[in-house]
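Input: a single structure, listed below in structure tokens.
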Amino acid sequence: MGERFDAVDVIRTKRDGGTLSPEQIDWVIDAYTRGTVGDEQMAALAMAIYLQGMDTAEIRRWTRAMLHSGERMDFSSLTKPTADKHSTGGVGDKITLPLVPLVAVFGVAVPQLSGRGLGHTGGTLDKLEAIPGWRADLTNDQLLSQLEDVGAVICAAGSGLAPADKKLYALRDVTGTVDALPLIASSIMSKKIAEGTGTLVLDVKVGSGAFMKRIPDAQKLAKTMVEIGNAAGVTTSALITDMSAPLGRTVGNALEVREAVEVLAGGGPRDVVELTVALAQEMVSRSGKGDVDVAVALKDGRAMDMWKKLIRAQGGNPDAPLPVAKEKKYVRATKSGVITEMDALRVGYASWRLGAGRARKGAPVMATAGIELNKTVGEAIEEGEPLFILHTDEPERFERAADMLDGSTAIDGNAAQGRTSVIIDRVS
Ligand code: URA
């Protein structure tokens, strides 16, 4: 049977600044998923979209077509409401780890279907795999029964959910077309609508370590995704949060788990706690549970108990020691003063060079690799004091990581101490 459209016509329409029709969009996503439209054609179309943009109707249709490329989960048999969050990706972003058990404490089931990291951003599954025994892969039936029994799941998204996005995301990653608003919005929302959550809270990152570098662009992305979610019947809202500096004091898999456990034990860095509590509050209240004070469950041990249950349910031992790097190296401050900037992107790349991220899709990551920030933005440091502590099992990686960190941090002898809130705006 002949195809309804010609891929080259679709590419030319977008290249020349035209609008794609709903039929063209449905066809091109379907034909790409089937393999009739090739990677080289989809790469050209993604670049045309990157350069020319899409209007709201096109973005909605593109999302719908990607959603319809696969199956949709159904949690209507559960006795609890469901809520999930999705971050657009950042450096040191371990929020999912304390957030999921914290929300589950309040009787809201969390079906967190996560991914692995690629490039400088870490993936939640890579972080959790630092825990001895923990398994990311569950069948749909296991997922559903864990959601009912434990109240939360963090696992790999099955291949049946939005397969068009899986293919397209990998292609965008190698063609310089990741950071395009229409493609990010449709990628995230097709997956999250397919996942079947009732409530969705988006954490839209802005700053050097995020895909969106400017606040107006992040606001536009947030608004686009919130509208798509609500139109699809998912109660959706977004927080816009700062990603100019790394979140918390650790970047890297086991190091981030350690910090998440500190938060669950009632401690941890202020910014990580602030964001965890704000997102949990939003997820719980928008799931119809009223305005409860979620922060108490971090202090009284309920969130920690839930974390242990969640880790055990997937074969992990939450009490086992986390792996520790064989080698460490200190990078010291070259002057005294207050840290006014720390480039999240450079810290992310440096952690990646130490082995925390993967160079190719499917490659293994080093659980122990990463960076500890001995001091962060808003804090005073003395010349010669450690600024970063680099961790890896392969010391030959230190030099390139340290090169990346060179010039990443601004220190001002006259600046005041203190850091502002990481929460910049809210969209609902
Ligand atoms: N996260 C996603 O899932 N998709 C994108 O396109 C960007 C971030």
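Reckoned from all heavy atoms, side chains included, excluding hydrogens, waters and symmetry mates. As the structure lists them, so they are numbered: ligands from 1, and atoms in each ligand from 1. All values derive from a computational prediction rather than experimental measurement.
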Item checked: Partners meeting side chain to side chain contact (heavy atoms under 4.5 Å, CB included) with Val292 (sequence neighbours left out) -> Phe106, Val284, Val294
Check: Is Ser187 in polar range of ligand 1, meaning some N or O pair under 3.5 Å apart?
Finding: yes
Next item on the list: Using a strict cut-off of 4.0 Å, indicate which atoms of ligand 1 neighbour a heavy atom of Lys191.
Entry: 2 (C), 3 (O), 4 (N)
Checklist line | Close-contact set for ligand 1 against Ile188 heavy atoms, below 4.0 Å | finding: 1 (N), 2 (C), 3 (O), 4 (N)
Check: At a non-hydrogen distance cut-off of under 4.0 Å, which region of Thr88 contacts ligand 1 (side chain, backbone, both, or neither)?
Finding: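 Thr88 to ligand 1: backbone contact only, side chain stays beyond 4.0 Å.
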Item checked: Residue that, paired with Met225, satisfies side-chain contact (heavy atoms from CB on, under 4.5 Å) out of Val427, Thr236, Thr88, Leu200 ->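 Going through the options one by one, the only one that passes is Thr88.
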Return all side-chain donor-acceptor pairs below 3.5 angstrom for residues 397-404, not counting sequence neighbours, or 'none' if the list is empty.
{"unit_1": "Arg397", "atom_1": "NE", "unit_2": "Glu394", "atom_2": "OE1", "d": "2.7"}
{"unit_1": "Arg397", "atom_1": "NH1", "unit_2": "Arg353", "atom_2": "O", "d": "2.9"}
{"unit_1": "Arg397", "atom_1": "NH2", "unit_2": "Glu394", "atom_2": "OE1", "d": "3.3"}

Checklist line | Closest protein heavy atom to atom 5 (C) of ligand 1, given as residue, atom name and distance to 0.1 Å | finding: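 Heavy-atom neighbour on the protein nearest atom 5 (C) of ligand 1: Tyr169 CE1, 3.3 Å.
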Check: Is the shortest heavy-atom distance from the side chain of Lys85 to the side chain of Val103 under 4.5 Å?
Finding: no
Item checked: Sidechain N-carboxylate O distance under 4.0 Å for Lys223, Glu227 ->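 Salt bridge present between Lys223 and Glu227.
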